[in-house]
Amino acid sequence: MKSFLLKGKRPIIKWGMLPDETYFEGTVPEGFSLAVTPSEGYVVIDIDRHGNIDGEKNIPDDLRMEIFGTLNYETKNNGYHCWFKYTGDKPLGNKTSGLGIDLRTHKGYVVYYPDNDIREQLHLIKETSPILNMWLERLFSYV
């Protein structure tokens, strides 16, 4: 993982050049937000709600408990970021699905809204099940 500051939606540094395990320390200044990039092997399911799109309604019923049973938090638009350790074997892309559900990998980042440090929350991140892997791979795999 790594964390850094955003001004608006833009990183204030070349975040891709930061080594893993580099973290912003201290209080996030007014007018900035904190971004976190998952380490390789971790993914964040970004469930959006904006306009007439509600990604939560596009989550299959049999996956709801698993998706919301891991580290998750509400976003500023009443969506969610749900963190997982991906156990599948297909490469997943940092991409959108068109369903109000996006995926962020080690090649992307999400705004981290909680007041605590992401490092204090890592123990809450669950591994993906085979059924969740199939769903993620159908939506976000390159192959």
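For the atom pair S141 OG and M134 CE, the distance stands at 13.0 Å (nearest 0.5 Å). Expressed to the nearest 0.5 Å, how far CG of L34 lies from OG1 of T27 amounts to 11.0 Å. Going from atom NE2 of H50 over to atom CG of N77 covers 7.5 Å, rounded to the nearest 0.5 Å. Atom CD of E137 and atom CG of L92 lie 6.0 Å apart (nearest 0.5 Å). Here the straight-line distance linking atom CD of E127 with atom CG of L132 works out to 11.5 Å at 0.5 Å rounding. Rounded to the nearest 0.5 Å, atoms CD1 (I125) and NZ (K85) are 10.0 Å apart.
Proximity of I45 to N72: side-chain heavy atoms (C-beta onward) are nowhere separated by under 4.5 Å. F84 is not listed as a side-chain neighbour of L136, based on a closest heavy-atom distance of 4.5 Å or more.
Residues meeting the side-chain hydrogen bond (donor to acceptor under 3.5 Å, both in side chains) test with T105, sequence neighbours left out: none. Residues satisfying the ring pair (Phe, Tyr, Trp, His ring centres under 6.0 Å) criterion with H81, sequence neighbours excluded, are Y73. For N94, there are no side-chain hydrogen bond (donor to acceptor under 3.5 Å, both in side chains) partners two or more places apart in sequence or in a different chain. Not counting sequence neighbours, the partners of V111 by the side chain to side chain contact (heavy atoms under 4.5 Å, CB included) test are L6, S33, Y113. For F68, the ring pair (Phe, Tyr, Trp, His ring centres under 6.0 Å) partners two or more places apart in sequence, or in a different chain, are Y80. Applying the side chain to side chain contact (heavy atoms under 4.5 Å, CB included) criterion to N116, with sequence neighbours excluded, gives Y112, P114, E120, Q121. In this view, D102 and R104 satisfy the salt bridge (charged side-chain N to carboxylate O under 4.0 Å, His left out) rule, not counting sequence neighbours. Taking the side chain to side chain contact (heavy atoms under 4.5 Å, CB included) definition, one finds that P29 meets it with L5, F24, F32, sequence neighbours left out. Every ring pair (Phe, Tyr, Trp, His ring centres under 6.0 Å) that W15 has, sequence neighbours left out, goes to F4, Y109.
Contact record, L124 with T70: O-OG1, 3.4 Å, taken as the closest heavy-atom pair. S3 and L18 get closest at one heavy-atom pair: O-CD1, 4.3 Å. Residues Y86 and K90 approach most closely at OH-O, 3.0 Å, considering heavy atoms. Of all heavy-atom pairs between S97 and L139, the closest is CB-CD2, 4.3 Å. Here the closest non-hydrogen pair linking G108 and P38 is O-CD, 3.8 Å.
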*asked:* Please determine whether side-chain contact (heavy atoms from CB on, under 4.5 Å) holds for the pair D48 and I53, giving the CA-CA distance in whole Å, both sets of side-chain angles, and the decisive distance to 0.1 Å.
replied: CA-CA 7 Å; D48 293 323; I53 295 177; 5.6 Å; no

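Contacts classified as salt bridge (Lys or Arg N to Asp or Glu O under 4.0 Å) and involving residues 54-69 (residues at least two apart or in different chains) are given here: R49-D54, R49-E56, E56-R64. Every pair passing salt bridge (Lys or Arg N to Asp or Glu O under 4.0 Å) that includes a residue from residues 17-45 is listed here, sequence neighbours excluded: E25-R119.
Hydrophobic cluster membership differs between L103 and W83, with clusters built from Ile, Leu, Val, Met, Phe, Trp and Tyr side chains linked at under 4.5 angstrom. Connection of I47 to V110 is not established within any shared hydrophobic cluster, with ILVMFWY side chains joined at heavy-atom distances below 4.5 Å, either directly or through further cluster members. Both I67 and F140 belong to a common hydrophobic cluster when Ile, Leu, Val, Met, Phe, Trp and Tyr are linked at side-chain heavy-atom distances under 4.5 angstrom. A continuous path of hydrophobic side-chain contacts links V36 to V44 [ILVMFWY only; heavy atoms under 4.5 Å]. By the criterion of side-chain heavy atoms lying less than 4.5 angstrom apart, applied directly or through intervening Ile, Leu, Val, Met, Phe, Trp or Tyr residues, V43 is grouped together with L63 in one hydrophobic cluster.
The main-chain N or O of T128 is found under 3.5 Å from a side-chain atom of T87 such that the two form a donor-acceptor pair.
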